[in-house]
Amino acid sequence: MIAQLRARLESLDWENQFFSVHSGIVRFADNAPALTLEQLAAYGRVQAKIPAHRTDWLDGLQQLGFQLVEGEVDLVMDVGMNHARSSAIRAQSADIPRLRAMAAQIFTQSRFRAPWYQPDDSGRFYAQWIENAVLGTFDHECLLLKTGDEINGFVSLRQLNDKEARVGLLAGRGAGEKLMNAAAEWCQHRNISTLRIATQISNTAALRRYIQSGATVESTAFWLYR
């Protein structure tokens, strides 16, 4: 017997246009109707993100044909004032081609990977993300660590409200501490007290870096696709 899940399906219009797919996402709500196979069949792909402790939702989604794609950890950090001065600079439009190439190579094993998406879709998605960050759309800014003309690392940031910001993308071999300091300094200049960041459960190196920088785990979640 399939467990009854109360949820609505919402079309992911931007993703559908970008990936040329017809996909939706499950939005759970107590006042929603029961989710049915007929509703799901109207989409080529359906995503669901659930808190890791909701094993009832996990079981119900798997009964409806969903498969686990990845786990996600959400962390939160009090910015404070105990961070080293940063040498990061703001990315400019001229940096976009190199940043796109870096992002496309680094972020290949995200939840947008094959077999759910085309082999190059993950890299293409994150290349567009970092370009948008430089241009100030979605994320508000991209900061760089440079040696001469060489980019050693980057971090994108988005202000959520008067007191909170979120790290979008962060990458740079051996540069994690400096990039987190740059993110903290960016927040301090804007009187932002809380910095949020998410990563894959499997990315233990990133988890260690964020925790060493003062972040704590706030929640965990699962992504599932059908």
Side-chain angles (χ1 to χ4, degrees), residues 14-15 18-19 70 72-80 82-113 117 120-160 164-215:
W14 187 90
E15 285 189 21
F18 186 82
F19 293 117
E70 72 174 30
E72 183 176 288
V73 182
D74 216 324
L75 302 100
V76 62
M77 185 177 82
D78 292 330
V79 173
N82 299 319
H83 298 278
R85 292 272 302 180
S86 170
S87 59
I89 60 174
R90 183 176 182 177
Q92 304 297 321
S93 296
D95 298 307
I96 288 175
R98 282 177 294 171
L99 285 169
R100 284 187 62 95
M102 291 175 67
Q105 293 174 359
I106 293 167
F107 302 108
T108 58
Q109 290 302 308
S110 74
R111 65 184 181 88
F112 300 111
R113 66 185 184 277
Y117 292 83
D120 66 341
D121 274 354
S122 183
R124 190 167 61 88
F125 174 82
Y126 288 100
Q128 188 62 55
W129 185 333
I130 201 64
E131 177 175 342
N132 290 351
V134 176
L135 299 175
T137 59
F138 189 64
D139 286 348
H140 294 129
E141 198 157 40
C142 177
L143 303 177
L144 304 180
L145 293 175
K146 276 186 158 185
T147 302
D149 289 334
E150 182 180 356
I151 298 174
N152 302 316
F154 60 83
V155 58
S156 69
L157 294 141
R158 174 162 51 105
Q159 185 166 347
L160 303 175
E164 295 182 312
R166 177 172 286 280
V167 170
L169 300 180
L170 184 150
R173 188 176 296 277
E177 181 178 6
K178 291 180 179 179
L179 290 168
M180 288 298 289
N181 285 336
E185 188 173 72
W186 186 88
C187 290
Q188 289 166 2
H189 289 163
R190 291 158 179 77
N191 294 316
I192 293 170
S193 57
T194 301
L195 181 63
R196 298 185 175 277
I197 187 166
T199 190
Q200 295 166 308
I201 287 176
S202 60
N203 195 344
T204 54
L207 281 171
R208 283 195 298 269
R209 174 68 268 153
Y210 302 149
I211 291 169
Q212 288 169 0
S213 292

| said: Check whether Ser156 reaches the backbone of Ala133 with its side chain - one donor and one acceptor, N or O, closer than 3.5 Å. | reply: no
Heavy atoms of Leu144 and Cys142 approach each other most closely as CD2-SG, 4.0 Å
The complete set of ring-ring contact (aromatic ring centres under 6.0 Å, His included) pairs with one or both residues in residues 130-157, sequence neighbours excluded, reads Trp129-Phe138
Any non-hydrogen side-chain atom of Met77 less than 4.5 Å from a side-chain atom of Met180?
yes
- [ ] Could you tell me whether a side-chain N or O of Gln200 sits under 3.5 Å from a main-chain N or O of Gln109, the two making a donor and an acceptor?
- [x] yes
Donor-acceptor list for residues 97-105 side chains, cut-off 3.5 Å, not counting sequence neighbours:
from: Arg98; atom 1: NH1; to: Asp149; atom 2: O; distance (Å): 2.2
from: Arg98; atom 1: NH2; to: Asp95; atom 2: OD1; distance (Å): 3.2
from: Arg100; atom 1: NH1; to: Gln128; atom 2: OE1; distance (Å): 3.3
from: Arg100; atom 1: NH1; to: Glu131; atom 2: OE1; distance (Å): 2.7

Report task. Kindly indicate whether the side chain of Ser110, heavy atoms from C-beta on, has any atom under 4.5 Å from the side chain of Tyr126. Result -> yes
Tightest non-hydrogen contact, residues Ala88 and Leu143, listed as CB-CB, 4.1 Å
- Taking Thr194 for its side chain and Glu164 for its backbone only, find out whether a donor-acceptor pair lies under 3.5 Å. no
Where the side chain of Gln92 meets the backbone of Arg90, is there a donor-acceptor pair that is under 3.5 Å apart?
-> yes
Query - Check: Ile192 and Trp186 side chains under 4.5 Å, non-hydrogen atoms - result: yes
Distance col, row Phe112:CZ vs Arg124:CZ, nearest 0.5 angstrom, shows 11.0 Å
_Closer than 4.0 angstrom, basic N to acidic O: yes or no for Glu185 and Lys178?_
no
